[in-house]
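The next block holds one structure in the form of structure tokens; read it before the comments.
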Amino acid sequence: MKILSPALSQLARLRMGRIEHFMQYPLQVQQQVFQSLLSAAQYTEFGKQYGFSKIYKVEEFKQRVPVHSYETMKPYIQRVMEGEQNVIWNTPIKWFAKSSGTTADKSKFIPVSVESLDECHYRSGRDVFSLYYNNFPDSDVLTGKSLVIGGSHQVNKLSPDSDSYYGDLSAVMLQNMPFYGNLLRTPDLSIALMDEWEEKIERMASTVIHENVTNIAGVPTWTIVLIKRIFELTGTDNLADVWPNLEVYMHGGVSFTPYREQFKKLIRKPDMSYLESYNASEGFFAAQDVIGQEGLLLFLQHGIFYEFMPMEELGKEFPHTLQLHEVELGKNYALVISTNGGLWRYLVGDTVQFVSLAPYRIRVSGRTKSFINAFGEELIVDNSDKAIAEAAAATGAVVNDYTAAPIYFSDGDCGGHEWLIEFEQQPESLDAFIDILDRTLKSINSDYEAKRHKDMALRRPTMHALKPGTFTEWLKSKGKLGGQHKVPRLNNERNVLEELLRFIEKQ
């Protein structure tokens with residue numbers, strides 16, 4: 001396959017021209033995407049309901065169409081799942097990406113059209129390699145295999161007599177992927193399609209150690225689980241010994257900040273690269289265009305029209321949303337999208353901050369439902385990830401994962417935050433870890449700092465140190481092991497934390 005590398009590299013360079021076009025002309029490109037989406041959907045049921053054929057400006061679109069959550073889009077999606085077409089998109093939709101979000105019981109079924117697969121997910125995947133080649137023109141990354149650590153790849157019919165299917169996004173993409181895509185990935189489909197996560201990890205580990213893996217893509221938690229099993233099978237503690245040609249780990253799904261130091265210990269290779277992407281069932285939104293620099297390049301020519309909602313507008317049916325030319329650096333926005341998969345003014349549930357306006361680069365700062373604001377402290381995941389990383393680095397700890405929730409006011413006592421932190425390696429001092437965590441949060445969040453002043457509203461955080469594997473066992477007990485299931489890091493209510501504490505007591 002070495003002979004293919006120059007050709008693939010050249011194709012990647014050619015694609016860079018299109019990427020540079022939307023970087024240079026972002027507003028014009030987004031306007032074209034907006035007009036294309038409305039033109040395609042104007043005669044759908046949704047398009048006729050909101051008069052798409054009479055909308056010519058974005059402001060008219062905002063005035064006519066309310067912002068939708070999954071719950072308000074669900075009646076339309078349900079009709080498509082039952083076999084109706086031309087409801088939300090003008091081409092047949094036969095595939096649905098099942099998304100569980102965090103640990104909620106309800107599943108979301110995101111419609112996936114041919115256009116959203118080809119123009120968004122697959123094109124974005126190719127663009128990630130284009131961006132990587134742009135950073136490393138002499139790379140041999142495509143001379144070997146991509147190790148893809150997705151979720152459950154089980155594909156199911158919506159009903160016995162249906163010709164429509166659902167599975168997680170990776171399943172949908174595998175089932176529709178061009179043949180040449182499968183030539184470049186590992187493990188083979190017989191393993192990738194396995195639904196039982198523990199057995200799949202075992203089969204993957206024993207198979208992929210014999211491949212020439214040059215790049216890995218997956219969620220950090222499950223990637224670590226796989227790497228540790230590979231170490232057990234090979235007798236090494238450095239993944240570079242197993243795959244000397246490994247170049248890059250492509251991660252997403254959760255912040256990489258708490259995992260970065262752990263990966264450096266697992267992959268001791270000076271020239272190892274780490275590339276972040278922002279990919280969800282609803283669309284592939286962004287990826288890192290400059291390796292080693294903060295910020296993900298917003299993909300503007302991939303069938304998605306973006307709006308950005310200031311957090312104070314959250315909960316309104318017709319909120320004031322911003323377009324690209326109106327956003328500001330460092331402010332938190334809820335992401336709102338309209339897509340060629342039939343989602344219209346859809347609230348994704350993520351919050352983003354812009355770190356650059358030329359070109360437009362973002363970072364994922366948290367979730368609209370993943371925060372703690374019980375006392376006006378407005379703590380977001382971006383804050384907690386940084387504080388956890390700082391405390392770990394200062395105390396020699398290695399953190400696998402964490403979750404936190406408020407401690408409510410009680411008679412004679414102020415409120416606080418309670419943390420459950422799973423350590424792969426415990427800190428030299430738990431008290432020091434808590435103090436550094438607390439001090440870092442004060443330094444990066446003025447609202448938290450104000451509430452902590454003299455313990456008036458918030459007292460010093462409390463912490464429970466959990467043994468390795470606790471969160472995995474908890475997810476397993478709920479039938480949510482693997483895939484997109486993950487522990488919610490911040491909760492404004494105590495239900496998740498209380499459930500975890502009860503589980504730990506029984507162990």
Is there a side-chain contact between [X] and [Y] (heavy atoms, below 4.5 Å)?
{"X": "His302", "Y": "Phe284", "answer": "no"}
{"X": "Leu131", "Y": "Asp289", "answer": "yes"}
{"X": "Asp385", "Y": "Arg489", "answer": "yes"}

| said: For the backbone of Leu437 and the side chain of Glu390, can you confirm whether one donor and one acceptor N or O come within less than 3.5 Å of each other? | reply: no
| task | Ignoring hydrogens and angles, tell me if any N or O in the side chain of Glu282 forms a donor-acceptor pair with the backbone of Ile110 under 3.5 Å. | result | no
Counterpart residues, side chain to side chain donor-acceptor pair (under 3.5 Å), relative to [X] (two or more places apart):
{"X": "His121", "result": "none"}
{"X": "Arg363", "result": "Glu294, Gln353, Asp382"}
{"X": "Asn491", "result": "Thr403"}
{"X": "Ser36", "result": "none"}

If the condition is ring pair (Phe, Tyr, Trp, His ring centres under 6.0 Å), which residues does [X] pass it with, not counting sequence neighbours?
{"X": "Phe285", "answer": "Tyr278"}
{"X": "Phe305", "answer": "Phe34"}
{"X": "Tyr122", "answer": "none"}
{"X": "Trp419", "answer": "Tyr402"}

| request: Under the side-chain hydrogen bond (donor to acceptor under 3.5 Å, both in side chains) rule, what do Tyr346 and Thr339 come out as? Steps first, then yes or no, please. | output: CA-CA 9 Å; Tyr346 181 85; Thr339 77; over 6 Å; no
| field | Reference residue Glu422; test side-chain hydrogen bond (donor to acceptor under 3.5 Å, both in side chains); the match among Asn400, Thr472, Thr470 | value | Asn400
| message | Run the salt bridge (Lys or Arg N to Asp or Glu O under 4.0 Å) test on Asp237 and Lys265 for me, step by step, so that the C-alpha distance in whole Å, both residues' side-chain angles and the decisive distance to 0.1 Å come before the verdict. | response | CA-CA 9 Å; Asp237 63 354; Lys265 293 177 181 177; over 6 Å; no
| message | Could you go through Lys269 and Trp243, starting from their C-alpha distance and side-chain angles, then the distance that decides it, and tell me whether this counts as side-chain contact (heavy atoms from CB on, under 4.5 Å)? | response | CA-CA 11 Å; Lys269 196 167 189 259; Trp243 297 316; over 6 Å; no
side-chain contact (heavy atoms from CB on, under 4.5 Å) partners for [X], two or more places apart:
{"X": "Ala41", "result": "Thr44, Phe52, Trp89, Trp344"}
{"X": "Ala392", "result": "Ala397, Val399, Phe433"}
{"X": "Thr236", "result": "Phe231, Thr234, Asn238, Asp241, Val242"}
{"X": "Glu211", "result": "Lys145, Thr186, Val213"}

| request: Would you check if there is a donor-acceptor pair between the side chains of Thr321 and Glu307 at a distance under 3.5 Å? | output: yes
| message | Within the 3.5 Å criterion, strictly below it, is a donor on Asn340 or Ser116 matched to an acceptor on the partner's side chain? | response | no
| query | How many angstroms lie between atom CG of Leu246 and atom CD1 of Ile267, to the nearest 0.5 angstrom? | reply | 5.5 Å
| request: Please state whether the rings of Tyr333 and Phe308 are parallel, tilted or perpendicular, taking 30° and 60° as the class boundaries. | output: perpendicular
| task | Please confirm whether Phe136 and Tyr132 have ring centers closer than 6.0 angstrom. | result | yes
| field | Asn332 to Ser365 - nearest heavy-atom pair and separation | value | OD1-OG, 2.8 Å
